[in-house]
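Please read these numbers as outputs of a predicted model, since none were measured by experiment.
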Amino acid sequence: MNTPGPRTLDRAHHPSWWWRRRLDPDHSLGLRLTLAAAAAFLVLVPFALLALLVLGGWAPLHRLDATVTDALHGYAVDHPAWVAVMRIWTEVFAPMPLRAVALLVVIWLLRRGARRLALWVTTTMVVGGLIGPLLKLLVGRDRPDLLDPVARAAGYAFPSGHALNATLTGGVLLMVLLPYARRGRWRVALWVAALLVAALTGLSRVALGVHWASDVLGGWLLGTAVVAATTAAFTSWRAHTGLRPVQPTTEGVAPEVERHPEAT
């Protein structure tokens, strides 16, 4: 049996050698994990910065939030039909209905034998669903207090639970359904649908005056970070089981689910 010599051991403990290995295309697992972890970190950085600005009551952010809220509230007061549409949208895409959709997806995956993929969907939704309320309590930000409100909501404001859960659900559905999009235009349609659900759900909360714009931005960023992190963990898991590498943004996290669900 060959044993590593002293020079090999010294090189293995050298920081530059570790980084070269992480970024070496020949070590595809290490490269993918490094890039995925970096992507999740890059999303968490702006979220953490935004949370610090909210906690610190940064005046420019407060002025921007107030300006957006005043403009949308003024429009809502003068356009009852707009308010009705936003009310319907925010109820249909509220956290509980979206979690129910995710649960149905999990049941469908389990019936197809895709246990690992079902576990990934569950983990993503549960982790995001727990982090959001915890951060609301830690930040303790009040919702907008308007003289003539068109809607009301209870609890703290940052981050927006609607925006967070819409991003989580859109992300997991996108990753699960991409393998079924055989043509490029269907993949684009799935991406557009996921982005629209998250965007319009966040907009509905600000339009109804129950969230600041930065609350919604925080929900989007946090949801994206959670999906990115769990996707990185899942792709690592599948690589260790001998499944081929995937490009989640075009193939989803488990392309095998369409033809061989038992492999996922």
Applying side-chain contact (heavy atoms from CB on, under 4.5 Å) to A153 and not counting sequence neighbours gives R143, R205, V210
Do T69 and W212 have side-chain N/O donor and acceptor atoms under 3.5 Å apart? no
For the backbone of Y75 and the side chain of H79, can you confirm whether one donor and one acceptor N or O come within less than 3.5 Å of each other? yes
If only atom types and distance count, is the side chain of T201 paired as donor or acceptor with the main-chain N or O of V197 below 3.5 Å? yes
OG1 on T123 to CZ on R116, rounded to 0.5 Å: 13.0 Å
How would you list all residue pairs meeting side chain to side chain donor-acceptor pair (under 3.5 Å) that involve residues 91-104, not counting sequence neighbours? R99-N165
The complete set of side chain to side chain donor-acceptor pair (under 3.5 Å) pairs with one or both residues in residues 214-229, sequence neighbours excluded, reads D65-S214, R141-S214, R141-D215, H211-D215
With a sphere of 6.0 Å drawn around CG of D145, does it hold more than 12 non-hydrogen atoms of other residues, nucleotides or ligands? no
Where the side chain of K136 meets the backbone of G155, is there a donor-acceptor pair that is under 3.5 Å apart? no
Determine the minimum heavy-atom distance between G219 and T167, stating which atoms define it. O-OG1, 4.2 Å
Taking only residues two or more places apart in sequence or in another chain, which ones pass side-chain contact (heavy atoms from CB on, under 4.5 Å) with D148? H73, V77
What's the shortest heavy-atom distance between A151 and R87, and which atoms? CA-NH2, 3.8 Å
Measure the shortest side-chain to side-chain distance between V105 and V172 over non-hydrogen atoms and say whether it is less than 4.5 angstrom. no
Applying side-chain contact (heavy atoms from CB on, under 4.5 Å), name anything that partners I88, two or more places apart in sequence or on another chain. V92
Do Y156 and V139 sit in one hydrophobic cluster, given that two such residues count as connected whenever their side-chain heavy atoms are within less than 4.5 Å of each other, even indirectly? no
Can you tell me which residue pairs pass the side chain to side chain donor-acceptor pair (under 3.5 Å) test with a partner in residues 184-200, sequence neighbours excluded? none
Testing the basics here: between A166 and A198, what is the closest heavy-atom pair and its distance to 0.1 Å? CB-CA, 3.9 Å
Side chains of V101 and L173: does their closest heavy-atom pair fall under 4.5 Å? yes
Would you say the side chain of W108 lies within less than 4.5 Å of the side chain of V176, judging by non-hydrogen atoms? yes
Could you state the interatomic distance from CG (L138) to CD1 (I131), rounded to the nearest 0.5 Å? 11.0 Å
Relative to each other, are the rings of W120 and F234 parallel, tilted or perpendicular (30° and 60° limits)? tilted
Which heavy-atom pair separates P159 from G218 by the least distance, and what is that distance? CB-C, 3.9 Å
Among T169, V227, T231, find the residue that satisfies the side chain to side chain contact (heavy atoms under 4.5 Å, CB included) test when tested with T124. V227
Compare all side-chain heavy atoms of H162 with those of P95 and state whether any distance is below 4.5 angstrom. yes
Drop me the distance from L208's CG to L203's CG, to the nearest 0.5 angstrom. 9.0 Å
Flag yes if L135 and V126 sit in one hydrophobic cluster, no otherwise; membership is Ile, Leu, Val, Met, Phe, Trp, Tyr, and two members link when side-chain heavy atoms are under 4.5 Å apart. no
Give a yes or no on whether Y180 and V188 share a hydrophobic cluster (residues Ile, Leu, Val, Met, Phe, Trp, Tyr; joining criterion: side-chain heavy atoms under 4.5 Å apart). no
Distance, nearest 0.5 Å, that separates CG of L53 from CG of L64: 11.5 Å
Can you find a pair of side-chain heavy atoms, one from L119 and one from R115, that are under 4.5 Å apart? no
Heavy-atom closest pair (A181 atom, L190 atom, distance to 0.1 Å) is CB-CD1, 3.9 Å
Non-hydrogen side-chain atoms of T250 and L178 separated by less than 4.5 Å: no
Quick check: is M96 connected to L164 through a chain of hydrophobic side chains (ILVMFWY, heavy atoms under 4.5 Å apart)? no
Quick one: do F93 and L103 end up in the same hydrophobic cluster if we chain Ile, Leu, Val, Met, Phe, Trp and Tyr together by side-chain heavy atoms under 4.5 Å apart? no
Within this structure, what is the OG1-CE distance for the pair T235 and M175, rounded to the nearest 0.5 Å? 11.0 Å
I need the L168 CG to L222 CG distance, nearest 0.5 Å. 7.5 Å
Tightest non-hydrogen contact, residues M86 and S204, listed as SD-CA, 3.5 Å
